[in-house]
Amino acid sequence: MARYNARVAEPKWQKVWDKAGLFKAERDDSRAKYYVLEMFPYPSGRIHIGHTRNYTMGDVVARYKLACGFNVLHPMGFDAFGMPAENAALEKGVHPGTWTYQNIADMKAQLRPLGYTHDWSRSFATCDPEYYGQQQALFIDMLAAGLIYRKNAMVNWDPVDMTVLANEQVIDGKGWRSGAVVERRELTQWFFRISDYSEELLAAIDGLKDWPEKVRIMQANWIGKSRGLQFSFAVKDAPKGFEALEVYTTRPDTLMGASFAAISPDHPLAKELERSNPALAAFNAECRRVGTSEEALETAEKRGFDTGLKVIHPLDPNWELPVWVANFVLMDYGTGAIFGVPAHDQRDFDFVHFMAQKNGASLEIIPVFEPPAGEWGQDTAYTPMKSEKVRYSRNTATGRFQTNFGWDELSTGDEAVAAAITYCEANGIGKGVTKYRLRDWGISRQRYWGCPIPVVHCPDCGVVPESKASLPIRLPDDVTFDRPGNPLDHHPTWAATTCPNCGKPARRETDTMDTFVDSSWYFARFTAPRAKTPTDMAEASYWMNVDQYIGGVEHAILHLLYSRFFARAMMKTGHLPVSAIEPFNALFTQGMVTHEIYTSFRPIGGESPEQRARSLRRQVYHLPEEVEGLLPGSQARTFLKADVDKVMALHPQLDREGARDVLARQHPDNIDFPPVYVTPTAKMSKSKKNVVDPDDIIEQYGADTARWFVMSDSPPERDVEWTASGADGAWKHLQRVWRIVEEVLETPQTGEDADLTRATHRAIADVTAGIEGFAFNKAVAKLYEFTNTLARAKGDRRAAMRIMAQLMQPMTPHLAEEIWAAMGGEGLVSAAKWPVADPAMLMDSSIILPIQINGKRRSEISVPVEIDNKSVEELVLADPTVQRILAGQVPKKLIVVPGRIVNVVI
RNA sequence: GCCCGAGUGGCGGAAUGGUAGACGCAGGGGACUCAAAAUCCCCCGCCGCAAGGUGUGCCGGUUCGAGUCCGGCCUCGGGUACCA
């Protein structure tokens with residue numbers, strides 16, 4: 001018998017599909033549309049298993065919806081601007097554009113053999129001038145609509161390379177190339193007014209019924225709506241202009257526990273004071289020697305500096321609080337100033353604790369809540385926190401206030417906060433305000449490989465948008481990467497232009513846009529990818545929204561929130577219909593494919609041994625295919641293949657194992673053979689090189705096996721740690737299905753197998769439910785079961801085999817076509833109507849009812865489906881096992897869950 | 001630090017609060033074969049000869065009944081606004 005030959009069959013069917021134009025999407029107002037979209041990839045060079053998993057899921061949905069009769073739009077493109085292209089330019093001297101387009105070509109070549117239904121006629125890359133030119137048009141319209149503005153904001157500054165760094169380029173607080181300690185610096189940058197939409201974006205989350213709950217929670221938390229009190233402290237002996245210190249708090253109920261006020265090192269008052277206080281200036285400078293990332297700021301040790309200034313407590317004119325500068329107060333949130341209540345805020349407490357230990361500073365800890373009886377322990381440092389926990393996490397209404405300001409008898413946090421606000425407002429102390437954590441979206445990047453911001457700086461007219469007629473504002477090709485910083489800034493002529501307004505010489509904006517802008521509207525562009533305007537309203541009105549969006553959880557917040565904002569901004573500027581205000585009807589977040597990371601510290605710089613010994617080392621990453629001798633979790637037993645080869649060349653008498661032993665015995669500081677370290681699994685990413693690409697599997701077994709394999713076993717939403725084993729099993733299964741086909745072809749097919757008919761309907765129902773519910777692993781398991789049934793079945797199996805082909809089609813379309821053709825199916829299985837299960841065929845006449853005694857399974861009985869509870873009880877009590885265990889006792893209770901289980905309680 | 005997830009045999013995993021381990025991988029045994037590969041059949045959580053006991057990261061709770069619900073932890077993963 002001939003094996004199924006994927007290598008021949010797969011290209012054959014792909015050609016047939018292409019020729020039939022099965023997947024080319026055309027607007028057809030008479031048909032219902034279905035838009036399925038996978039998050040498009042960054043063209044890093046190769047697709048990896050994570051991509052394969054993502055696109056196969058999308059393809060299963062697309063093929064299923066096609067079979068259900070929808071007019072399906074299933075496009076694919078490339079999110080092609082970004083830092084890696086510039087890094088490649090830096091390291092390999094290749095132009096970012098050349099590198100990117102080559103990668104796109106390579107990745108397309110990898111994707112095509114997988115047999116996806118992507119409509120490549122709609123494809124584009126965000127670095128195509130035709131795309132980013134339209135993005136510039138959007139920018140100009142949004143600027144005119146007041147959605148964009150400029151302001152100062154902090155960036156990571158590398159003081160040695162004199163360049164702005166991305167958070168990713170800051171490693172342990174140091175620049176990744178220079179190794180210099182990074183500082184915060186202020187720069188004028190462009191912003192989208194996303195915070196104007198805070199309330200709307202938050203409220204609309206309720207309507208996203210088909211989004212994962214966790215994503216909705218994360219987005220809501222990110223927007224971070226809070227109700228609090230804003231008031232100002234009067235500053236004693238204040239510098240001119242700083243007589244009032246504005247603070248915001250979500251805990252005005254703890255106002256009586258205030259023991260200090262704290263301001264951010266970036267607060268205007270801090271900057272004013274440091275002019276006459278060198279010690280404070282030094283402290284502030286030290287505080288700024290941290291990157292801008294929230295993680296870095298929040299995990300930094302809490303530090304403070306007493307300014308010597310005092311403020312007056314708003315509820316007691318005789319109560320003075322010291323003003324500190326503290327590194328944990330963020331200028332970006334609230335007013336950049338707080339009051340500290342160490343008894344009821346963990347951060348404030350940590351701060352006081354730390355300052356007391358380090359500096360001997362003494363700040364009071366004043367509890368405002370009376371703790372529940374018995375919880376007021378000896379350890380005064382922690383006791384207040386305990387009482388806090390009791391009040392809030394269990395909400396037990398046991399806390400009480402010790403103040404006399406009208407909110408002292410309230411029990412719960414929210415009520416207390418509200419009462420405190422009411423009291424303060426009534427007494428002119430401050431006002432209740434609603435604040436959001438969400439900040440405006442800064443899009444300025446001081447980099448080359450991005451969409452140029454289409455504005456001009458004119459000495460006379462100021463900032464002027466480009467005219468739309470001059471779009472696209474193209475990136476220059478002749479750029480150099482021989483020095484740090486923005487190549488657009490260094491370019492001799494590019495920035496020189498004339499003012500669109502007055503015609504005088506002017507300078508172009510050299511900042512480019514955040515790549516999140518590119519990915520915030522690509523889904524809309526797919527509906528009319530060649531339009532001469534950003535979108536075509538007729539096309540957008542037909543195809544939008546995306547019915548099913550699929551991508552990694554890592555995009556749960558930023559990309560999805562920016563896209564939701566962008567849909568609103570495009571609506572406001574007339575580029576999307578109102579109906580597309582929430583662009584993604586259903587969202588599915590797949591888990592990530594993870595892999596161990598292999599890394600070593602290789603020398604950089606000088607050539608002589610002495611130089612090398614002294615020179616800096618840089619952490620470099622290695623591809624899984626470059627290492628060998630893996631033992632999970634082991635460090636000494638993992639080596640670079642190249643190192644093993646080198647050792648074998650040096651010592652010809654050694655075999656591979658011997659060479660590894662030599663390597664294993666090297667000192668960790670050995671400069672020629674640094675040890676390879678294995679760090680725990682993380683999502684596959686090109687920058688960490690822990691990627692595995694699907695080509696080996698496709699090469700060895702074909703696309704169907706690769707597709708079947710990534711859909712098997714792991715639930716789609718869960719992370720999977722990649723292991724090479726398993727593809728073989730998938731291949732064996734597909735071969736087995738084909739063997740059944742051949743057996744059917746070679747033996748006479750007569751008679752009917754009623755069990756097979758029932759099993760067929762069962763399979764239709766289960767596989768359909770699996771696909772609809774994004775439980776592809778379960779759909780696959782059901783197909784395994786159905787295969788087992790088919791292998792054993794009697795009678796004519798041809799009809800059942802055709803159903804098998806249809807059910808397999810979304811996952812393994814090529815093999816499915818082959819089976820369909822062999823079993824006499826009409827036309828293409830990819831174009832066949834999805835089968836429907838007959839509900840009558842899904843019912844069984846009798847069921848097995850397990851019997852529990854005190855919750856433990858002891859026996860079972862077989863009963864007709866229609867049986868009544870009384871008959872069940874009789875049968876249960878008559879059961880020999882039950883009688884034996886009862887031993888004459890009368891059960892206390894008999895619980896019958898119809899059709900499910902019986903529990904006898906004794 | 002903060003926000004969000006996840007944790008079940010050797011492995012991937014299944015299980016509307018109702019028989020824990022479907023289905024698959026690996027493994028063991030057998031059949032076929034001169035032999036191997038391929039294929040087919042059977043077994044397969046742990047302890048135990050068995051009866052039985054025990055078991056879903058840990059501690060506690062609710063329930064006739066908990067992998068599932070509640071409280072408290074631990075570990076791992078994602079995000080943390082300039083990686084995409």
Side-chain angles (χ1 to χ4, degrees), chain A residues 3 39 41-42 44 79 81-84 155-156 164-170 194 212-215 217-222 224 291-300 302 328 332 346-347 350 393-394 437-447 514-516 519 552-559 561-562 589 591-592 594 680-683 685-688 712-715 717-721 723 725-726 728-730 732-733 735-736 739 775 777-778 780-785 788 791 848-852 854-860 892-895 897 900-905:
Chain A
R3 281 189 175 176
M39 291 178 186
Y42 177 79
S44 56
D79 187 15
F81 275 136
M83 282 202 313
V155 292
N156 299 309
V164 177
L165 296 179
N167 285 335
E168 194 190 48
Q169 297 170 318
V170 179
I194 188 173
E213 181 69 12
K214 62 178 172 185
V215 176
I217 293 170
M218 279 190 267
Q219 292 224 345
N221 289 343
W222 185 261
T292 58
S293 78
E294 186 188 311
E295 190 196 358
L297 294 169
E298 289 283 336
T299 52
K302 313 251 174 306
F328 64 92
D332 278 329
Q346 186 67 52
R347 280 196 318 186
D350 292 346
S393 55
R394 289 198 211 142
R437 206 185 74 99
L438 181 65
R439 307 199 296 258
D440 277 336
W441 173 15
I443 58 151
S444 293
R445 298 292 180 271
Q446 296 71 42
R447 280 190 271 279
D514 178 8
T515 58
F516 272 121
S519 55
V553 241
E554 69 270 29
H555 296 293
I557 295 174
L558 293 179
H559 163 61
L561 192 61
Y562 290 149
T589 53
M592 278 161 308
T594 63
T681 63
K683 74 165 170 171
S685 87
K686 183 78 176 181
S687 63
K688 301 272 190 291
S712 311
D713 295 342
S714 281
E717 68 279 7
R718 200 181 294 184
D719 293 347
V720 263
E721 187 173 342
T723 51
S725 63
D728 194 52
K732 278 183 187 165
H733 169 77
Q735 288 296 337
R736 183 177 181 223
R739 267 199 309 280
N777 57 322
K778 285 186 247 172
V780 165
K782 295 299 176 187
L783 285 169
Y784 270 108
E785 275 183 52
N788 290 337
I848 305 286
L849 217 51
I851 303 172
Q852 290 182 332
N854 286 344
K856 286 221 170 289
R857 184 188 173 280
R858 297 295 178 179
S859 185
E860 62 184 31
K892 279 190 201 134
K893 218 180 193 179
L894 212 57
I895 295 157
V897 185
R900 275 285 172 193
I901 204 166
V902 182
N903 194 10
V904 183
V905 185

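These numbers come from a predicted model, not from an experiment.
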Polar side chain donor-acceptor pair, A:N788 to A:R736, under 3.5 angstrom: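 Yes, side-chain donor-acceptor contact under 3.5 Å.
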Between A:N156 and A:T292, a side-chain donor and acceptor under 3.5 Å: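 A pair is found: one side chain offers a donor N or O, the other an acceptor, under 3.5 Å apart.
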Return the value, rounded to whole Å, for the distance between atom [atom1] of [X] and atom [atom2] of [N].
{"X": "A:N854", "N": "B:rA66", "atom1": "CG", "atom2": "C1'", "answer": "16 Å"}
{"X": "A:R437", "N": "B:rC4", "atom1": "CZ", "atom2": "P", "answer": "11 Å"}
{"X": "A:E860", "N": "B:rG18", "atom1": "CD", "atom2": "P", "answer": "18 Å"}
{"X": "A:I557", "N": "B:rA84", "atom1": "CD1", "atom2": "P", "answer": "17 Å"}
{"X": "A:R445", "N": "B:rC83", "atom1": "CZ", "atom2": "P", "answer": "8 Å"}
{"X": "A:L783", "N": "B:rA22", "atom1": "CG", "atom2": "P", "answer": "18 Å"}
{"X": "A:M39", "N": "B:rG79", "atom1": "CE", "atom2": "C1'", "answer": "13 Å"}

Sugar-phosphate, base or nothing in reach of A:S519, heavy atoms under 4.0 Å: nothing
Sugar-phosphate, base or nothing in reach of A:N903, heavy atoms under 4.0 Å: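 Since a base atom lies under 4.0 Å of A:N903, the category is base.
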Note, A:I194 side chain near A:L438 side chain (heavy atom, < 4.5 Å):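 They are in contact (side-chain heavy atoms under 4.5 Å apart), so the answer is yes.
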Residue met sooner reading RNA chain B from 5', once A:K782 and A:K214 are mapped to nucleotides: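 It is A:K214, whose closest nucleotide lies nearer the 5' terminus.
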Phosphate OP1/OP2 of B:rC4: any A:N221 side-chain N/O under 4.0 Å: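 It does, given that an N or O in the side chain of A:N221 lies less than 4.0 Å from OP1 or OP2 of B:rC4.
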Protein-nucleotides 37-46 of chain B N/O pairs under 3.5 Å:
| residue | atom | partner | partner atom | Å |
| --- | --- | --- | --- | --- |
| B:rU39 | O3' | A:R739 | NH2 | 3.2 |
| B:rC40 | OP1 | A:R736 | NE | 3.2 |

SB check A:K214 A:E717 (cutoff 4.0 Å): no
Distance-only donor-acceptor test (3.5 Å): side chain A:E294, base B:rG1: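 Looking at the base of B:rG1, it does pair with a donor or acceptor on the side chain of A:E294 (distance under 3.5 Å).
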Syn or anti conformation of B:rG17, syn meaning chi within 90° of 0: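 Glycosidic conformation of B:rG17: anti.
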Aromatic plane relationship, A:Y562 with A:W441 - under 30° parallel, 30 to 60° tilted, over 60° perpendicular: parallel
